[in-house]
Amino acid sequence: MATILQTPSIEAIQSFDPAFDTTINYYYEDNQQYKNRIVITDNETSNVVYDKTEDSMRLYVTIPSNTLTAGKQYLAQVQVYDMDGNYSN
């Protein structure tokens, strides 16, 4: 039976210029993470504009330049996975 891991908390995101890569930090304290996933949704349309899963134990994700549009608002969600395939909400 799968175990649901603790939900990561995203550090406050300040306004940034989307023409450059942007790093989003998050906090997580549970099983050793093996990979992470970030999903970014457009607040106005509810469309997913970015969804990437990466094998990484780092507590940050990088949004590539020109992925987002200046002046818009987005919702960012991070999930983590451990070696056994367990994941967070």
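Here the structure is a predicted model, which means the values were calculated and not measured.
Looking at every heavy atom in both residues, Ala76 comes nearest to Ile10 through O-CD1, 3.3 Å. Taking each heavy atom of Leu5 and Asn86 in turn, the nearest pair found is CD1-O, 3.6 Å. Considering every non-hydrogen atom in both Thr53 and Arg37, the closest pair reads OG1-CG, 3.4 Å.
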inquiry  = Checking Thr62 against Thr22 for the side-chain contact (heavy atoms from CB on, under 4.5 Å) test, could you report, in this order, the C-alpha distance in whole Å, the side-chain angles of both residues, the deciding distance, and whether it holds?
reply    = CA-CA 6 Å; Thr62 301; Thr22 301; over 6 Å; no
ask   = Which is it for Ile24 and Ile63 under the side-chain contact (heavy atoms from CB on, under 4.5 Å) test, yes or no, and what are the steps along the way?
value = CA-CA 8 Å; Ile24 296 176; Ile63 308 303; 3.8 Å; yes
ask   = Does the side-chain contact (heavy atoms from CB on, under 4.5 Å) test come out yes or no for Met57 and Gln32, once each step is laid out?
value = CA-CA 8 Å; Met57 291 187 268; Gln32 175 82 38; 2.9 Å; yes
Audit row: Gln79, Tyr81, side chain to side chain donor-acceptor pair (under 3.5 Å) steps and yes/no = CA-CA 7 Å; Gln79 285 183 303; Tyr81 300 80; 3.3 Å; yes
message = Set out, in order, the CA-CA distance, both residues' side-chain angles and the distance that settles side-chain contact (heavy atoms from CB on, under 4.5 Å) for Tyr87 and Val80, then state yes or no.
response = CA-CA 6 Å; Tyr87 56 89; Val80 297; over 6 Å; no
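Atom OH of Tyr50 sits in a crowded spot, with more than 12 heavy atoms from other residues, nucleotides or ligands closer than 6.0 Å. Heavy-atom neighbours of Phe16 CZ from other residues, nucleotides or ligands within 6.0 Å: above the threshold of 12. More than 12 heavy atoms of other shown residues, nucleotides or ligands fall within 6.0 angstrom of atom OH in Tyr28.
Applying the salt bridge (Lys or Arg N to Asp or Glu O under 4.0 Å) test to Asp84 and every residue at least two apart in sequence or in another chain returns nothing. For Glu11, the salt bridge (Lys or Arg N to Asp or Glu O under 4.0 Å) criterion is met by no residue, not counting sequence neighbours. Residues satisfying the side chain to side chain contact (heavy atoms under 4.5 Å, CB included) criterion with Thr7, sequence neighbours excluded, are Asn89. A search for side chain to side chain donor-acceptor pair (under 3.5 Å) contacts involving Gln33 returns Tyr26, not counting sequence neighbours. Judged as a side chain to side chain contact (heavy atoms under 4.5 Å, CB included), and not counting sequence neighbours, the contacts of Asn47 are Thr45.
Note: Tyr74 OH to Glu44 CD = 9.5 Å, rounded to the nearest 0.5 Å.
Hydrophobic clustering, with ILVMFWY side chains joined whenever heavy atoms are under 4.5 angstrom apart, keeps Leu59 apart from Val39.
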Check residues 64-73 and write down every donor-acceptor pair under 3.5 Å in which the side-chain atom is one partner and the other belongs to a residue at least two apart or another chain.
| residue | atom | partner | partner atom | Å |
| --- | --- | --- | --- | --- |
| Thr67 | OG1 | Pro64 | O | 2.8 |
| Lys72 | NZ | Asp42 | OD2 | 2.6 |

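Side-chain atoms of Asp17 never come within 3.5 Å of backbone atoms of Phe20 as a donor-acceptor pair (strictly under, hydrogens ignored).
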